[in-house]
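Here is the structure we will look at.
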Amino acid sequence: MSLVFAGVCSHAPGIVGRKDRADPVLRDGLYAAFERMRLAIEAARPDALVVIAAEHFANFFMNNMPAICMGMGEHYEGPIEDEAWLGIKRTRVPGDAQLSKALIEEVMNDIDLAYAQEWKFDHGISVPLHFLTPRYDLPVIPVNINCQGPPLIPLKRCYEFGRALRRACAALPQRIAVIGTGGISHWPATPDSGRINEAWDRAFLDKFIGNRREELLAYKDEQTWREAGQGGFEIRTFIAVAGAAEGHTGEVWFYAPIPIFAVGCTIAVMRLRHEDE
Amino acid sequence: MSLVFAGVCSHAPGIVGRKDRADPVLRDGLYAAFERMRLAIEAARPDALVVIAAEHFANFFMNNMPAICMGMGEHYEGPIEDEAWLGIKRTRVPGDAQLSKALIEEVMNDIDLAYAQEWKFDHGISVPLHFLTPRYDLPVIPVNINCQGPPLIPLKRCYEFGRALRRACAALPQRIAVIGTGGISHWPATPDSGRINEAWDRAFLDKFIGNRREELLAYKDEQTWREAGQGGFEIRTFIAVAGAAEGHTGEVWFYAPIPIFAVGCTIAVMRLRHEDE
Amino acid sequence: MSLYAVQKLIYQLNRDPRVREQLAQDFDGLLAQYELSEEERNAIRDPDIGLLYVMGVNGQLLMHYAALRGFGWNAYIEAMREGERKYGPVRTGLYTSAGSRS
Amino acid sequence: MSLYAVQKLIYQLNRDPRVREQLAQDFDGLLAQYELSEEERNAIRDPDIGLLYVMGVNGQLLMHYAALRGFGWNAYIEAMREGERKYGPVRTGLYTSAGSRS
Ligand SMILES: [Fe+3]
Ligand SMILES: [Fe+3]
């Protein structure tokens, strides 16, 4: 198996951009968890990092909205946001076009991917990379799951995408790390911005680290919208990671609602190397 | 079953644009077959016509290349080509956004569709419509299968798309007609433009009208490229129609190589209403 | 009816400097390129951020347009609240389902 | 290496009148916006349709660029043949597999 790491993390722009306005104890706890994740990825010695994110109209619009798109560029740019506002400098991030192509060809046996030979990262990818590959020295392969413009891909297909990605990794010689970024409950860019449903988040995370497929796929968008906001649609990225880590469980390394970051900040990692089910 | 018609036809720009330069006997035979198809569609009383085409960089490029995309517009425009060159006047074509949305939501249970709320038709759609809905009074729902920029979707997924489309039609009250447009063997826009492999075409059409799934899915792009040109990749649209008509066979209403049209001109229709297998 | 066109214009303003330039130099000419109703055209021109929100414009698009037109974060949030008071609940798009507010 | 950039520029020229205008008014400025090698830049500027074909530019893109630069259909076909004679077989893209010609 050449999938060597699987985890999830938050990507809210406030995490870096508004870091001085957060409770320092919570913030430092989150940052420490990001650092622990960085070291865990490093220890897994990946050749590339697949980032399954949910972007916010950076590259994709309803004139051609892919359910799932994978990057096939030699390099990428980001973040698109104002550098001072996001707290992250714009940079070029290395890709691996050959590896992307090999992954896309494998995954296409089961999942009808769009592909993109260029890609501008927004905070959905740039915030995680800021913590996890701060020197931008690990090739990144971006993936987007449409969580913004309905019709949205059903959750079961997100899980299937994860499984297909795992099979593709197994078929290739490279060592590949994957992270999902997004959610969990939040109401970004709406009058309810800052609201967080901690109970909902903890219940979801419990199902996620237990990798309880049926329970994960039982969520319905209508209910998610009511209880977890439209930002809750981003659970699709977590569910894809659960699919990639099928048969494995994980643990939550950090969870805390941080209102100024407008999301329940999350770091969770699947234990891939120890068959524990 | 609310899929009420399934057929395939050629879409080469020369069919209208260079009509005066073709052998009149062959041309008139082709035109008569298009007219027969138009009447057959009309007799099926569809509420909408789904056109599964393979476009040529009109809307989609490798910056976001969907494997399969379905239109969700209230209307569309086309053709994008020079009106005099193509022999077709630019016009607005009615869509049905609500029906599109319903189809997309159903199909997404199995196929990871991109969707597009606007779409400019090129000859891949405009040439068939010129013959089949000449008054542009039937709502059209365009579908594109990427046959231009590898990695291309595997043939088996095209067949699965057709099956999913059929299931979606069955789940909806509307009566829906579907046509695939493209190929078969041809070498458009290359030094071999005008070449046609009639034996290859006839063998393929035999498998198509027999709806012999295994034989259809056994084609390999590498071999197709050698024997049928890169234009042969457009068999994906025919295979999707075969999937939509699974369990049914059909007949070829017209086939003739017409070199000035640069393709083996084809009209073939599946017999949906008579279970014949 | 033409929420798509409203969002497309805002998306392009967010992503394409050439379209932003056109807004600065020939706003009416820019608006004329999109199939907009009178109400939509006015809401974009004013701008009436609250009305755009009620029309169903996705916040991930709208917040950038609000910033472009000089709305700070708090003013943006307040404009959406004001929009709901003035025009009623969101009409279509992602935010139409009934939801309780904290 | 940057076939993608070559094709992107040609795609945009085919589809976007504003990019065509820039070609007419400031060709070098337009070329500078794309990550092109010297060979690619020259092939586009000349234009060397045969070399663009050998580089792997998809014919569904290239034929429109050839027309834009004044090549009639026969001249376009002949330019591709001449390109193969001068530069050898197509290097990458859709047309690289060995195939017999009629
Ligand atoms: Fe997000
Ligand atoms: Fe074609």
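Chain naming here is simple, since letters A, B, ... match the order of the sequence lines and numbering starts at 1 in each.
- Residues C/M80 and A/T190 share a closest heavy-atom pair of CE-C, 3.5 Å.
- For C/E84 against A/P191, the heavy-atom pair with the smallest separation is OE1-CG, 4.4 Å.
- Within a 6.0 Å radius of CZ in A/R202, more than 12 heavy atoms belonging to other residues, nucleotides or ligands are found.
- When all heavy atoms of C/W73 and A/S193 are compared, the pair lying nearest together is CZ2-OG, 3.5 Å.
- Neither the backbone nor the side chain of A/D221 has a heavy atom closer than 4.5 Å to any heavy atom of chain C.
- Heavy-atom distances place no part of C/E78 under 4.5 Å from chain A, backbone and side chain included.
- Between C/Y11 and A/F61, the angle of the ring planes stays under 30°, which puts this pair in the parallel group of the 30/60° scheme.
- In this structure, CZ on A/F57 lies 11.5 Å from CZ on C/R15, to the nearest 0.5 angstrom.
- Note: A/H56 NE2 to C/H64 NE2 = 8.5 Å, rounded to the nearest 0.5 Å.
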